[in-house]
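Chain letters run A, B, ... following the sequence lines, proteins first, then strands; residues in each count from 1.
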Amino acid sequence: MSAVVAEVVALPASELIDRLSSIGGPEATRAREAPSTGGDFPDLVGAVPGKVVLRLAPFPSGALHIGHGRMLFINQHYREKYDGKILLVFDDTIGSEEKRVETEFFGLIEKDLEAAGVRPDAVFYKSDRIANFYPWARRVIDKGGAYVCTCPAELLRENRARGAACAHRSQTRDETIEEWERMLANAYGPGEAVLRLRTDLADPDPAFRDRVLLRISDIDHPRVGTKYRVWPMLEFSWAVDDIELGITHVLRGKDLVIEDRMQRYIWDLLGITGPPFLHWGILRVREAKVAKSKAYREVKSGLFDGWADPRTWSLLSLDRRGISMDAIRSFILSFGMSLSDIEVPAETLYAENRKRIDGTTVRRAFVADPVRVEVDEFPDGLSSVVLSNHPDRPELGTRTVSTGPGFFLARKDLEGRAGTEVRLKDLVNVELPALLPPAGGTIRARFTSRENKRIPRLQWVGASGARPVDILGMEGEHTAGLGEATLAEAHPGDILQFERVGFVRVEKNWTPGASPLRVVFGHP
RNA sequence: GCUCCCGUAGUCUAGUCCGGUCAAGGAUUCGGGGCCUUCGACCCCGUAACGCGGGUUCGAAUCCCGCCGGGAGCACCA
C-alpha cells in the first residue's frame, strides 16, 4: 500500500489527473478542480502513445544553459506523457565564422543531458548526413522550387527587402540542374553561389522571400573536415531530417517559427505531410546576464573557471551550486508552453530548490571576515555545547562543538554594536568592548549571563578547532572565513546551510595545513 | 519599416478554445507576526491582477472590432 502511495505522490499533477480521469468517479472530478501549480501543456495533436518521436537539436558551441533546459525538459515532459522517444541530433552543420562547431561540446552536451536525466534513445550528427541532402535538393529543383543564385550576399539581401527578383530567378529547371551540378563539382567558391527556394517575392513577410537552402563553405569541420563544401541551412536540413528520422512532433523555441513555414512549404512542394510544430517563448533568468557568446569568450580566455563557473549559468554550474535538476525541471515546467517572453527572477528557482533541500540540510556555523574575541569570565565547565542540526527537524540529530573562551565573530555582525550586550547564539550573553580592533586584531568581551535574552544573537565559531573555509560566490568571487570544527567531516558533494549565509555545496574537503574547506554558494 | 506572436497582481502561471460554478486559483516577491537563523532559512497571517476603449449578451478574463504596449524574425548562424 505505501508503495502505491509513494508512486502516486511522485506523479506530476498532470499525469495524476490523466490517470484519475481514466479511472473516473469522484476522485477524477476533484483532481480536475484542484488548483494547478504548473504551467499548461497542450496535448500533441495526433499523438499515439508509444509512437511519439521527438528530437533535441543543440548546436555544439557551448554548454547548455537554463534556456536550453526549457528545450530539454519540455521534450522530456512529452516523452513521458506519451511514452515516446527522444533523438539527440547534433545540429553540427558548418555554421559560420562566428558560430563554429567545436569537438569538445559534443561530449559536454551529452554530459549535460545525462546530468539532466534526459537520456536520448539515439544520437545522430547532422554532419554524418550531409550527402543525403543533395538528392533532396534535387527533388526540390525538379519540382521547379529552387534556383542557383550567384548574387553577392548583400545584393541578395537588398533584393529581398525590396521584393525584387534577380536575373537568376528566371532560370529554367535545366539551367538550375546544370548550375547545381556545378556547385557540387566545386565550380564555385564560398559565397559565390547558393541554392535558393523559390517562394514569392511579393510575400508580405520579407523574411520569407526566396530563402537560401544550401550554400558553400570551406570551413574545416571538426568531425568531417573538408569532405563537403555544399552545406544545408538549418531549415532545409530539418525539412529533410524531420522526415527521414521519423519525427512525429517538432517542439522548438519561437525564434524558429519562420522555419516551420519553410519546412511546410518544401513539404507541400514535394507532396509530403510533415509533423506539426509547437513553440515556446523566450525564457530569461533575470540574474543570468551573461550572454552565451560572452560566456564562451570568458571560458576560453580562462577568466571563468570553465563551463561550470557560476557566472555562466550553465546547467553544469547550477548543478555545481547544489541546485538539483529536479528543481530546475519543476521551475521550467511551471512556465508551460507559453509563447509570451518571460523574465523570471532566480529567486523563483531558489525557492523551488529550497523546497527540496531545506528539510534535509544540516545547519553549520560560518563567519566571514572573522574577528577573534576572548571572553573574560567565561563559565568554567562550558567547554562544549550540543547544537541541533536543524531548528525544526530533530530527526537530523545534533552535533557537539567546542566553545570558548576564545571565539570568532563576523566583523559585519560586530559593526555598530561596540559597547552593547549581544548573545552568542545558543550559548551565552557577552558585553562587547567600546572599540573594535583593526583587521587581524583581537578584542576582549565580558561574560554577562547565560539566560536567553532577547538581544541581538550573533553567529559564532569556537576558536578551538575552527576550520578555514573558502566560499565561491555567484560572481566568481571568493569569501574567506572560518567554520565550526565539525566541517572537518564535510565531504565533496555535501549540501550544507551556513546559517544566515545560505545553502552551499562542498567541493573540496578541508585538509590540515593544506587546503581550506572549499564550498560553492548555492542560494540564500 | 514589413511579417508573425504575446498581453491575468512586482514576477511567473491556472482559467480564455466550449461566456455564468472566477466578487479570479497557485507559486514567488513584498508587508505584518512567530522563531536561540535579526538582516536573507523556516512557520502563520495579509496586500496585490483580467492593458485601454467600444460592441454582442440577462451575463464577458472568456466572443467581435479598434487602439495601446511588449517580443521574435527579416543572415550564404543555429
The residue, A:Arg354 or A:Leu424, whose nearest nucleotide of RNA chain B is more 5′ is A:Leu424

Pick the closest RNA chain B nucleotide for A:Leu234 and for A:Asn389 by heavy atoms, then say which residue is nearer the 5' end. A:Asn389

Would you kindly check whether a donor in the side chain of A:Glu499 faces an acceptor in the base of B:A41, or vice versa, at under 3.5 angstrom? no

Could one point to a donor on the side chain of A:Lys99 or the base of B:C77 with an acceptor on the other under 3.5 Å away? yes

What is the nucleic acid contact for [X], judged by heavy atoms within less than 4.0 Å: base, sugar-phosphate only, or nothing?
X        : answer
A:Glu343 : sugar-phosphate
A:Gly502 : base
A:Ser338 : sugar-phosphate
A:Thr361 : nothing
A:Lys126 : nothing
A:Asp426 : base

Taking the six-membered ring of A:Trp231 as reference, does the NZ or CZ atom of A:Lys126 fall below 6.0 Å from its centre and within a 45° cone about the axis? no

In whole angstrom, give the distance that lies between atom [atom1] of [X] and atom [atom2] of [N].
X        : N     : atom1 : atom2 : value
A:Leu214 : B:A75 : CG    : P     : 18 Å
A:His390 : B:A41 : NE2   : P     : 13 Å
A:Leu195 : B:C76 : CG    : P     : 13 Å

Hey, are [X] and [Y] close enough for a salt bridge, meaning a charged N less than 4.0 Å from a carboxylate O?
X        : Y        : answer
A:Arg500 : A:Asp413 : no
A:Glu352 : A:Arg329 : no
A:Arg138 : A:Glu181 : yes
A:Glu499 : A:Arg364 : no

Contact letters for nucleotides 1-7 of chain B, in which S counts primed atoms plus P, OP1 and OP2 and B counts the base, heavy atoms under 4.0 Å: -BS-SS-

Under-4.0 Å side-chain N/O to phosphate OP1/OP2 contact, A:Arg157 with B:C74: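 No, outside the criterion.
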
OP1 or OP2 of B:G10 versus the side-chain N and O atoms of A:Arg286: is any pair under 4.0 Å?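 Result: no.
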
